[in-house]
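To start, the structure itself, in structure tokens.
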Amino acid sequence: MSGVPQRTLLLWCPDWPVLAAEIVDGVPATDPVVVLHANRVIACSERARAEGIRRGLRRREAQGRCPHLTVVDHDPGRDVRAFEPVVAAVEEVVAGVEVIRPGACATAARGPSRYLGGEEAAAERIVEHVAQSCAVESQAGIADGVFAAGLAAREGRIVAPGGTREFLAARPVEALGRPALADLLRRLGVRTLGEFAALPAGDVLARFGFDGALAHRLAGGRDDRPLAVRQPPADLTVTADYDEPVDRVDAAAFAARMLAERLHERLAGYGLACTRLGIEAVTAHGQELHRVWRHDGLLTAAAIADRVRWQLDGWLSGSNGRGGTRPARPTAGIVRLRLVPDGVLAQAGLQPGLWGETGEERERAHRALSRVQGILGPEAVVTAVLGGGRSPADQVRLVPWGDERAPARPGPPPLPPVGAAPGAASAPVVVPAGGGAGRRAGRGRAVAEPPWPGRIPPPAPAVVLPTPLPADVRDAAGEPVVVSARLAVSAAPARLTVGDGRPVEITGWAGPWPVDERWWAPAEARRRARFQVSLADGAALLLAVEGGMWLVEAIYD
């Protein structure tokens, strides 16, 4: 831990979740707006505060105080995305910025103050530059340490060097941002940070634990860690401008080779390699073209050149698609070509294959499928990703080839192919987009995953029907089989009729497995039960009954 707090300049943007909602979603911050998390207000606009709304209020109480209130759900990703331009604007003035949280960033005050003519001049310059560049109002504070600078920023103050302890002494214990600790301190008679800081450090550690000891250091004007500043990323993009527009595939291939070698050399200079490549082109008429290529290995100079050449070929030649349609060709030749390494990693961070190579067959498959995507688009080739869910249809998600293979719901991790080296990425089965009567549901070893009540036990069905087929299930007496609300089956299923087909005898069945989903939302609630049945003709089906109607959802091998 740092013994002497560093002189810190902190920039704070008030009500940032509300401003982020205005920047990203267009919600006017001048209206009464609140941002909710766990049904409680975590941020509100100035108009909302004028109506008596405060942080911590429940949604119903806030709407009772202001009936025309605009409610926005908390989205941490939205807050981060909206704050990135503000951080970039600060980095244009000073170097080495640390993001404390969305809406607040800090930097060492020594450098900016010496360069810009003093701490007050530096704070004014940064606030003014953020306002001009991002149209965002902010306040700056300077003190010894990040914690004290954050409190000073809320008042727009510059605390004199050595005066941080006195500045903090009169603050209430709620300023620590630990509600449980503040409530306990209040009940013990400790109401200010000065009173808390006066307690012996050993007694605080023994009574309140490690988190209480950290809060005790903050109350005394000592930070728990120094600034961890963010370094601006290196510019790895390469661009080529052409006096004569490139409208022939052979000329485009030569341009792609030269630009790919420049990109590879620049990445190698930083010890990096590319895994995801963005290709951007601008025509003589100002038309902008963009495509992103993904590769789960390291893209060499030749591999980069091949993908750029394939993409330019797809743009310039306008090859016929599968359905006979011809993609629109650019309105003119290409005058600017830009390669953006969208995904990079350390060059030594990829494990080679068993014999030193990633595999000739795998590379050929990548080249072929990537070229198809370059001509027909990224959605032309998709792969299946296993995940969690209650029904077989929920457990399989189709993603474009080369995209992030993340399941839509928590589930088991992807399994490597049989015979693959340890740590090798899994080789997915390629599924034609929109083709076939069903989807293949993958099966693998049982691994730990989150529970899904009502999930069908293994084995998994082989084919999941995109549209369930209507069916009729009857007992031995010819009466329809029904399932009550208490999951009581009226009689043992004896015969099954699918659509307009002939009845088939049911030789075995298991179930029901009930599913009661989204019962708290009446418009989206679904209640059904599933059965596994085996038929006399050797087939095995997965049936579901919902609202008294029987459906065939999947087919077993």
Side-chain angles (χ1 to χ4, degrees), residues 384-398 407 409 411-412 415 418 428-429 431-432 435-517 526-557:
V385 179
L386 295 181
R390 296 179 176 86
S391 68
D394 295 337
Q395 299 170 26
V396 179
R397 172 173 173 257
L398 299 180
R409 300 172 179 84
L415 299 176
V418 178
V429 179
V431 183
R439 297 188 298 182
R440 285 283 171 182
R443 285 168 287 179
R445 302 189 301 271
V447 295
E449 61 178 291
W452 289 95
R455 182 174 183 174
I456 300 298
V463 177
V464 179
L465 301 177
T467 303
L469 301 176
D472 181 48
V473 180
R474 297 184 177 269
D475 57 17
E479 297 295 328
V481 177
V482 297
V483 181
S484 68
R486 296 182 178 271
L487 302 177
V489 184
S490 62
R495 288 188 299 276
L496 170 68
T497 303
V498 180
D500 298 331
R502 300 177 56 185
V504 181
E505 181 182 357
I506 297 177
T507 58
W509 62 282
W513 287 277
V515 176
D516 191 0
E517 295 179 310
R526 294 191 65 185
R527 187 175 185 182
R528 58 191 182 278
R530 292 191 175 90
F531 292 79
Q532 292 173 332
V533 298
S534 58
L535 307 179
D537 59 3
L541 305 176
L542 177 63
L543 306 181
V545 57
E546 181 177 1
M549 297 182 59
W550 289 86
L551 300 170
V552 179
E553 286 191 342
I555 303 173
Y556 292 89
D557 281 340

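These numbers come from the heavy atoms of this one structure, side chains and all, not from hydrogens, waters or symmetry mates.
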Ser534 side chain to Gly508 backbone, donor-acceptor under 3.5 Å: yes
Less than 3.5 Å apart, which donor and acceptor atoms pair up between the side chains of residues 492-501 and the rest of the protein, not counting sequence neighbours?
none

Validation row: Tyr556, Leu541 side chains within 4.5 angstrom (heavy atoms): no
Partner set under side chain to side chain contact (heavy atoms under 4.5 Å, CB included) for Asp537, not counting sequence neighbours: Val504, Leu535, Ala539
Residue pairs, two or more places apart or on separate chains, that pass ring pair (Phe, Tyr, Trp, His ring centres under 6.0 Å) and touch residues 463-505: none
Ser490 to Pro480 - nearest heavy-atom pair and separation: OG-O, 3.9 Å
Side chain to side chain contact (heavy atoms under 4.5 Å, CB included) partners of Ala536, counting only residues at least two apart: Glu505, Thr507
Set of salt bridge (charged side-chain N to carboxylate O under 4.0 Å, His left out) partners for Asp472, sequence neighbours left out: Arg474
Shortest non-hydrogen separation from Phe531 to Pro512 and the atoms involved: CZ-CB, 3.4 Å
Pairwise ring pair (Phe, Tyr, Trp, His ring centres under 6.0 Å) hits with a residue in residues 456-477, at least two apart: none
Pair up each side-chain donor or acceptor in residues 543-553 with any protein partner under 3.5 Å, not counting sequence neighbours, and list the distances.
{"from": "Glu546", "atom 1": "OE1", "to": "Arg526", "atom 2": "NH2", "distance (Å)": "2.9"}
{"from": "Glu546", "atom 1": "OE2", "to": "Arg526", "atom 2": "NE", "distance (Å)": "3.4"}
{"from": "Trp550", "atom 1": "NE1", "to": "Val481", "atom 2": "O", "distance (Å)": "3.0"}
{"from": "Glu553", "atom 1": "OE1", "to": "Arg530", "atom 2": "NE", "distance (Å)": "2.8"}

